[in-house]
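First the structure, in the form of structure tokens, and then the observations on it.
No hydrogens, no waters, no symmetry mates; every other heavy atom, side chains included, goes into these values. This is a predicted model, so every value here is computed, not measured.
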Amino acid sequence: MILPGLISVVFYRKPPSTLQVSLGLAFTVAISGLLGYVQDYGTSRVWENTILAIVGGIILYVAILAYLVYYYFPRHPLVKVRVAPPPSVPPP
């Protein structure tokens, strides 16, 4: 579930839908929170690490998505300039 928006950008070359981005973020929050909770289960810092893992997961997800959207969908597409062949000189 973390990859729907990223897959649409990379493989299908279309912007991810709002649903794809929100599902990716929801899954990122859930998995990051679970991993942060399990990491220090039973200690006094368990909630600090859970919140830190969620924030880090969101930052990482948004950074990857922004980079891919920037890379695959530039605001100013490159314009290929056609170079005309040199005029042929008529024979004398």
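- The minimum heavy-atom distance between T28 and Y61, with the atom names listed, is OG1-CD1, 3.8 Å.
- Considering every non-hydrogen atom in both G36 and A53, the closest pair reads CA-CB, 3.8 Å.
- In plain terms, the two heavy atoms of I58 and L25 that are nearest each other are CG2-CD2, 4.3 Å.
- Both V21 and V62 sit in one connected hydrophobic cluster of ILVMFWY residues. Membership requires side-chain heavy atoms under 4.5 Å apart, directly or through other members.
- A pairwise comparison of heavy atoms in G57 and S32 identifies CA-OG, 3.6 Å as the closest pair.
- A single hydrophobic cluster is not seen to contain both L65 and I59; linkage of ILVMFWY side chains at heavy-atom distances under 4.5 Å, directly or through other members, places them apart.
- Remark: L34 CG to Q39 CD distance equals 11.5 Å, nearest 0.5 Å.
- Cluster membership for W47 and V38, using ILVMFWY side-chain heavy atoms within less than 4.5 angstrom, is not shared.
- Cluster annotation: V29 and V55 are assigned to distinct hydrophobic clusters (Ile/Leu/Val/Met/Phe/Trp/Tyr, side-chain heavy-atom contacts under 4.5 Å, transitive).
- Annotation: the span from I54 atom CD1 to I31 atom CD1 amounts to 11.0 Å, rounded to 0.5 Å.
- Two different hydrophobic clusters hold L60 and I51 under the rule that ILVMFWY side chains link at heavy-atom gaps under 4.5 Å.
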